[in-house]
There are 2 protein chains.
Amino acid sequence: MAEQRKGTLGASCLSCPLRQRNEWSVLNEAETRLLARSRKSRDYRAGESVFTMGEPSHGLYCVVSGTVAIRKSDAEGNVIPIRLAYPGDTLGYRGLLLDAKRRYSAEALGPSRICFIDKPVVKTLLDRNPALGQQFLHRIANDLDAAHDHLMRNATLSNRSKFVHLLLALMNRHGCTATDGSRFMELPLSRRDLASMIGTRHETLSRIIGRLEEDGLARFSGRTVHLTQPHSLVQEIQRPSRLD
Amino acid sequence: MAEQRKGTLGASCLSCPLRQRNEWSVLNEAETRLLARSRKSRDYRAGESVFTMGEPSHGLYCVVSGTVAIRKSDAEGNVIPIRLAYPGDTLGYRGLLLDAKRRYSAEALGPSRICFIDKPVVKTLLDRNPALGQQFLHRIANDLDAAHDHLMRNATLSNRSKFVHLLLALMNRHGCTATDGSRFMELPLSRRDLASMIGTRHETLSRIIGRLEEDGLARFSGRTVHLTQPHSLVQEIQRPSRLD
DNA sequence: CGCCAGGTTGATTTCGCTCAAGCAATGTGG
DNA sequence: CCACATTGCTTGAGCGAAATCAACCTGGCG
């Protein structure tokens, strides 16, 4: 029965709508068939770990559905989410390409389906199709850009601005727009995680949220966020709060 | 005469000691000859710009001698050094690989010699030798790691710890050790630049430096730094200043 | 000489961290 | 089904760190 599920999902690799939008799109049919045969699909429950810092890299993960948090932790035990991954994203290429141990851990934030592709298969595909390597280069170069942008914002912005940035970025992925232009979403992360993403304490984030509500810009209830004035928030991060 | 200089330097590409230690080491002799013929060497004065944010990417730069600062700036006019590049480092691969405009600017911090390799030549070499692409992947993956480490430190450490980290990192590159184990260096960057690298104001950095001197850990005079107790500083960043 | 950029220092205020208490939702074992 | 612990979040009070504004110093440089 597991075999059968694997079979039907194997066929879906060829027709996988996500494949059109990520690095695997450069594979020809034969290569895609190899991919479909080798990859293993698995369902994860909310909170389940996909991989953990320190373990060896045995292959790549490809998110089919759900949201996955990539976290990094240091010697003092601090854990901070580096980024979130969504359907179509490929995880773990860094460890694979460098043939190194995992430097991050990945956790499914909700029920998710994730495909696993064994390292030898990836190597074979990389050898047979040089364009695949190019695709990974693109991916990683964009990640590097994103990391540097993040670095820059953390160095220059106030905590409030950093949080507004984060809110708007999350809204792009998780939000929907109401008829009056206001926006809604369910936060994918706890407030603790959100706080550590902007390099602050959860108490401070709580107060920032309080101030946003006082200003009439947003309403928070549990994990539900309602941005009543999304435009004002966009302005807020474009207009420098500190002029020099 | 410029031709002659180019000629002799062209020969030096084959024998370039730096080439042994960077991505170009995977080229065979014929490929290296092509590299040597095409690349253009140029001397930069202190403070001279190598490339600037926003301009198109026409090729790669390979640092032969000197130190180069890679900086990023935002809409508000803040400029922060992202990293420093040293002999053997290759600059500008991000823009080249993504075929995008420069997102950073590069400036020679002192008199430097830097080789330029035209985009078509790089493309040719990438096509002829797949291992070169792998090398760039390694390079960029390591840069990504470094950026994430930086991100993590900025999110969790105090300004003082961040500065000590920075000092020790710079000392690795620029420092020399005295017989008593203390270490010296000439700072490659202004205090303003150092301050923005750790995301703080230059006045604050001034006070941090003052405190380090009070603690007897270092002495600063102009751009000369003397770390009297390097070991204590290493301990300081290993021992968590804040235990939770 | 005056000017300027880079750096230091001081005074003041703002901000964020820490510690601590309290609260709601959830889960667990009896 | 209730007593109880646990987890995630909020709120308050006090304090320390850092931003801000401003003065001043220093060494180059026209």
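Keep in mind the model is a prediction, meaning the values are calculated, not measured. A note on names: the letters A, B, ... follow the listed sequences, proteins ahead of strands, and every chain is numbered from 1.
Atom-to-atom, CD1 of B/Ile209 to C1' of C/dT8 comes out at 10 Å; the value is rounded to the nearest Å. Here the P atom of nucleotide D/dT10 and the CG atom of A/Leu212 are 12 Å apart, to the nearest Å. Taking atom CD1 on B/Ile198 and atom P on D/dA17, their separation rounds to 15 Å, with Å as the unit. Counting to the nearest Å, the P atom of C/dA5 and the CZ atom of B/Arg223 are 16 Å from each other. Per the geometry, CZ belonging to B/Arg192 stands 10 Å off P belonging to C/dA5, to the nearest Å. To the nearest angstrom, P of D/dC9 lies 9 Å from CG of A/Leu205. One interatomic measurement links the two molecules: CD1 of B/Ile208 to P of C/dG7, which rounds to 15 Å at whole-angstrom precision. Distance CZ (A/Arg211) to C1' (C/dG16): 9 Å, rounded to an integer number of Å.
In this model, the phosphate group of D/dT10 is approached by a side-chain N or O of A/Arg191 to a distance below 4.0 Å at OP1 or OP2. When the side-chain nitrogen and oxygen atoms of A/Asn159 are compared with OP1 and OP2 of C/dC15, none of them lie within a distance under 4.0 Å. Of the side-chain N and O atoms in A/Thr200, one or more sit less than 4.0 angstrom from OP1 or OP2 of C/dC17.
Checking D/dA18, C/dT18, C/dT8 against the side-chain heavy atoms of B/Thr204 singles out D/dA18 as nearest. Distances were taken from every side-chain heavy atom of B/Arg201 (C-beta onward) to each of C/dG7, D/dA18, D/dA19; the shortest belongs to D/dA19. If you check D/dT11, C/dT9, D/dA18 against the side chain of B/Glu203, the one that comes closest is C/dT9. Comparing atom distances between the A/Ser206 side chain and each of C/dG10, D/dA13, D/dC9 picks out D/dC9 as nearest. Here C/dT8 is the nucleotide among C/dT8, D/dT20, D/dT10 with the atom lying nearest to any side-chain atom of B/His202.
Aromatic rings of A/His174 and A/Phe184 (six-membered ring for Trp) have centroids beyond the 6.0 Å cut-off, not under it.
Within the nucleic acid shown, A/Arg207 comes within 4.0 Å of at least one base atom, counting heavy atoms only. Residue-level contact check: A/Ser190 touches the backbone only, with heavy atoms under 4.0 Å from sugar-phosphate atoms and none from bases.
A salt bridge links A/Arg160 with A/Asp215: the distance from a Lys NZ or Arg NE/NH1/NH2 to an Asp or Glu carboxylate oxygen falls below 4.0 Å. Between B/Arg39 and B/Asp118 there is no salt bridge, since no side-chain N of the basic residue sits under 4.0 Å from a carboxylate O of the acidic one.
Seen from the ring of B/Tyr104, B/Lys72 counts as a face-on cation partner, given the 6.0 Å and 45° thresholds.
No side-chain donor-acceptor contact under 3.5 Å links B/Ser49 and B/Glu107.
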